[in-house]
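For the single chain, residues carry numbers from 1 onward in sequence order.
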Amino acid sequence: MKMAKTHQMVVEGSLWGIRNTFCSSVIILATLIVATTIYLRKDRGHLFIEISPPTDSSSSQCNLFSGKWVFDNESYPLYKEKQCSFMSEEVACETFGRKDLSYQNWRWQPHHCDLPRFNATALLERLRNKRLVFVGDSLIRGQWVSMVCLVDSILPKTLKSMHSTANASLNIFKAKEYNASIEHYWSPLLVESNSDDPVNHRVPERTVRVNAIEKHAKYWTDADFLVFNTYLWWRRPLMNVLWGSFGDPDGVYKKVKMLRVYEMALRTWSDWLEVHVNRKKTQLFFVSMSPIHTRAEEWGADNGNNCYNETDMITEEGYWGQDSDPKMMQVVENVVDDLKARGLSVQILNITQLSEYRKEGHPSIYRKQWYPLTKEQIANPKSYADCIHWCLPGVPDVWNELLYAYIFHQ
């Protein structure tokens, strides 16, 4: 089946200042080999980088985060939902009744170059005797599930496993033949908080210990690839900050503006990285905010609606929802820049703009419901639609294609 040209759409990426170190890598490759399109092949057990001529000879840079979504029902999806051994019921939209599956067939096409084609064997070879750890909330957990599904199909059943530790905060997928692990650690605010339980984390008032991270970080210390996110759990005007320990009668609590607390927490995170990360061993990544689609009026639909029943993406070039906060990402950029000045590089994976267009990519009502639905909810499905997480296969697979590109070429 050929690609449906009528589904192609150009959507430029506005990047509000986040710098892209991948450009320099591509320039070096272009200088050496006069090319920009990169993909991998395996031959006799060895990995090679193959280069093909650029489509635009005038292009000297490649920004992977600026491009367009192209409908591609030949190459995508990269795996089948029902064939993934470790698919999560939170994002298994087809299993839970979704019929329109075109959300699975969109490919991200950067301007001036191509993303490397995802090669599960190549990735597992790169991860041989190593740990790839995703750290953060349920959105990066979805990215972790995506990565597991991307490599799952090439592994025999007897040569892969999944187990949990650290009170189920750490979930570990193991590719036994490669002695490679792909892990997710639950830490939605990165620093210690009263939302750290991976199951019982919905609390009436969120409290963080902005200077405390070792409780979590001890599980990341030896990782070879660390991929962080933290955003959604901060979205409130004020945060309750604790100086002291939970349960300590002498602890000091104070409400502080969210943006200030966010910066304090990220400074604690960056200080830990500076001291503990082996700079010769570990590659570091930070995934930018994952957009939500809860206000349909923002993309021209009826007021009061959300992602429920949406089957097409947003076509407005440069669309930016109100719930994506550039000020928070500016804090991230500042912290990362300071780390770079201290000799430690963290690559920001700017998935925000490209994901903003994908209002149809969320589970909506097609996911496991952890609590019985009320009659009122059943009568009004949009009232319980999940417009935060993402169906798999889907948008997080592209996030992992971007990560894959940097793992091989940073």
Note to self: Walk me through whether K130 and E125 qualify under salt bridge (charged side-chain N to carboxylate O under 4.0 Å, His left out).
What the structure shows: CA-CA 10 Å; K130 293 181 172 63; E125 285 288 358; over 6 Å; no
Notebook entry, point to check: Judged by modelled atom types alone, do S164 and N171 share a side-chain donor-acceptor pair under 3.5 Å?
Noted result: yes
Next item on the list: Measure from the side-chain N and O atoms of D302 to the backbone N and O of N305, and report whether any donor-acceptor pair falls under 3.5 Å.
Entry: no
Notebook entry, point to check: Does K255 pair with E205 as a salt bridge, N-O distance under 4.0 Å?
Noted result: yes
Note to self: On a heavy-atom basis, which atom in G136 and which in H184 lie closest, and how many Å separate them?
What the structure shows: O-NE2, 3.6 Å
Notebook entry, point to check: Do you see a donor-acceptor pair shorter than 3.5 Å between the side chains of N240 and K254?
Noted result: no
Note to self: Is there a salt bridge (charged side-chain N to carboxylate O under 4.0 Å, His left out) between R107 and E401? Walk through the geometry before answering.
What the structure shows: CA-CA 10 Å; R107 171 171 57 85; E401 287 183 284; over 6 Å; no
Margin query: I'd like to know whether the aromatic ring centres of F71 and W106 sit less than 6.0 Å apart in this structure.
Written below: yes
Next item on the list: For Y231, check ring-ring contact (aromatic ring centres under 6.0 Å, His included) against everything at least two apart and list the hits.
Entry: none
Margin query: Could you check whether any side-chain heavy atom of W144 comes within less than 4.5 Å of a side-chain heavy atom of V133, counting everything from C-beta outward?
Written below: no
Check: Cut-off 3.5 Å, side chains only: do N334 and Q330 have a donor facing an acceptor?
Finding: yes
Notebook entry, point to check: Rounded to the nearest 0.5 Å, what separation is found between the CZ atom of R131 and the CZ atom of F225?
Noted result: 12.5 Å
Item checked: Note: D312-K359 ion pair, threshold 4.0 Å (strictly below) -> no
Notebook entry, point to check: Would a 4.5 Å heavy-atom cut-off, applied to side chains only, mark I154 and T121 as touching?
Noted result: yes
Notebook entry, point to check: What is the distance from atom CG of L155 to atom CG of L124, rounded to the nearest 0.5 Å?
Noted result: 5.5 Å
Next item on the list: Before giving the answer on side chain to side chain contact (heavy atoms under 4.5 Å, CB included), spell out for V145 and F134 the whole-Å C-alpha distance, their side-chain angles and the decisive distance to 0.1 Å.
Entry: CA-CA 10 Å; V145 173; F134 294 84; over 6 Å; no
Checklist line | N306 side-chain N/O to K382 backbone N/O, donor-acceptor pair under 3.5 Å | finding: yes
Checklist line | pair T207-F246: side-chain heavy atoms closer than 4.5 Å | finding: yes
Checklist line | With W299, the side-chain hydrogen bond (donor to acceptor under 3.5 Å, both in side chains) member among E310, H293, E356 | finding: E310
Notebook entry, point to check: Between N400 (side chain) and Q143 (backbone), is there a donor-acceptor pair under 3.5 Å?
Noted result: yes
Notebook entry, point to check: How about E316 and Y357: does a side-chain donor come under 3.5 Å of a side-chain acceptor?
Noted result: no
Note to self: If we ignore hydrogens and angles and just use 3.5 Å, is the side chain of N229 paired with the main-chain N or O of D137 as donor and acceptor?
What the structure shows: yes
Margin query: Between D196 and S193, do the side chains contain a donor N or O and an acceptor N or O under 3.5 Å apart?
Written below: yes
Check: With distance as the sole test, does T374 use its side chain to make a donor-acceptor pair with the main-chain N or O of Q377 at under 3.5 Å?
Finding: yes
Margin query: Show, in sequence, the C-alpha distance, side-chain angles and deciding distance for D222 and K281, and conclude whether the salt bridge (charged side-chain N to carboxylate O under 4.0 Å, His left out) test is met.
Written below: CA-CA 9 Å; D222 297 326; K281 170 185 176 180; 5.0 Å; no
Next item on the list: Using distance alone, with no hydrogens and no angle criterion, decide if S288 and T352 have a side-chain donor and acceptor under 3.5 Å apart.
Entry: yes
Next item on the list: Search all heavy atoms of P116 against all heavy atoms of Y404 and return the closest pair with its distance.
Entry: CB-CE2, 4.0 Å
Note to self: Can you confirm whether D197 sits close enough to N167 that some side-chain heavy atom of one is under 4.5 Å from a side-chain heavy atom of the other?
What the structure shows: yes
Notebook entry, point to check: Given side chains that start at C-beta, do those of R279 and L344 come closer than 4.5 Å, heavy atoms only?
Noted result: yes
Note to self: Determine whether the aromatic ring centres of residues W186 and H216 are separated by less than 6.0 angstrom.
What the structure shows: no
Next item on the list: List the steps and the verdict of side chain to side chain donor-acceptor pair (under 3.5 Å) for Q283 and D224.
Entry: CA-CA 6 Å; Q283 285 183 239; D224 301 272; over 6 Å; no
Note to self: Can you confirm whether Y253 sits close enough to V241 that some side-chain heavy atom of one is under 4.5 Å from a side-chain heavy atom of the other?
What the structure shows: no
Checklist line | Rounded distance (nearest 0.5 Å) linking atom CD1 of I140 with atom CG of L232 | finding: 13.0 Å
Note to self: Taking L354's backbone N and O only, do any of them form a donor-acceptor pair with W69's side chain (distance below 3.5 Å, no angle check)?
What the structure shows: yes
Check: Can you say whether the rings of H276 and W272 are parallel (under 30°), tilted (30 to 60°) or perpendicular (over 60°)?
Finding: parallel
Next item on the list: For H409 and Y406, indicate whether the former's side chain and the latter's backbone hold a donor-acceptor pair under 3.5 Å.
Entry: no
Item checked: Donor-acceptor pair, side chain of S169 and main chain of A166, under 3.5 angstrom -> yes
Note to self: Donor-acceptor pair, distance only, cut-off 3.5 Å: does the side chain of S195 make one with the backbone of R202?
What the structure shows: no
Next item on the list: Apply the test side chain to side chain donor-acceptor pair (under 3.5 Å) to residues D114 and Q109: give CA-CA distance (whole Å), side-chain angles for both, the deciding distance (0.1 Å), then the verdict.
Entry: CA-CA 6 Å; D114 295 324; Q109 177 61 58; 2.8 Å; yes
Notebook entry, point to check: Looking only at atom types and distance, does a side-chain atom of T268 sit under 3.5 Å from a main-chain N or O of M264, one as donor and one as acceptor?
Noted result: yes
Check: Are S355 and W390 close enough that a side-chain donor and a side-chain acceptor fall under 3.5 Å?
Finding: no
Item checked: Pair Y79-D397, side-chain donor/acceptor within less than 3.5 Å -> yes
Check: Are side-chain heavy atoms of L238 and K257 found at a separation under 4.5 Å?
Finding: yes
Next item on the list: Could you tell me which non-hydrogen atom of F285 sits nearest to which non-hydrogen atom of V346, and how far apart they are?
Entry: C-CG1, 4.0 Å
Notebook entry, point to check: Without hydrogens or angle criteria, can the side chains of E81 and T95 be said to hold a donor-acceptor pair below 3.5 Å?
Noted result: yes
Check: Does the distance from a Lys or Arg side-chain N to an Asp or Glu carboxylate O, for D271 and R342, drop under 4.0 Å?
Finding: yes
Margin query: I want to check something: taking the side chain as every heavy atom from C-beta on, are L159 and Y178 in contact at a cut-off of under 4.5 Å?
Written below: no
Margin query: Is it true that T230 and W269 share a donor-acceptor pair across their side chains at a distance under 3.5 Å?
Written below: no
Check: Between the side chains of D152 and S85, is a donor N or O closer than 3.5 angstrom to an acceptor N or O?
Finding: yes
Notebook entry, point to check: Relative to the ring of F228, is the ring of W220 parallel (under 30°), tilted (30 to 60°) or perpendicular (over 60°)?
Noted result: perpendicular
Notebook entry, point to check: Ion pair present between R141 and E90, side-chain N to carboxylate O less than 4.0 angstrom?
Noted result: yes
Next item on the list: Go through Y319 and E298 one step at a time and tell me if the side chain to side chain donor-acceptor pair (under 3.5 Å) criterion holds.
Entry: CA-CA 9 Å; Y319 170 83; E298 292 184 357; 3.1 Å; yes
Item checked: Shortest non-hydrogen separation from C93 to P363 and the atoms involved -> SG-CA, 3.5 Å
Checklist line | Value rounded to 0.5 Å, distance of CE in M87 from CD in E89 | finding: 11.0 Å
Checklist line | Minimum heavy-atom distance between N63 and P110, given as atom pair plus value | finding: O-CB, 4.0 Å
Checklist line | Test log, rule salt bridge (charged side-chain N to carboxylate O under 4.0 Å, His left out), inputs D100 and R98 | finding: CA-CA 6 Å; D100 60 297; R98 184 161 178 173; 2.9 Å; yes
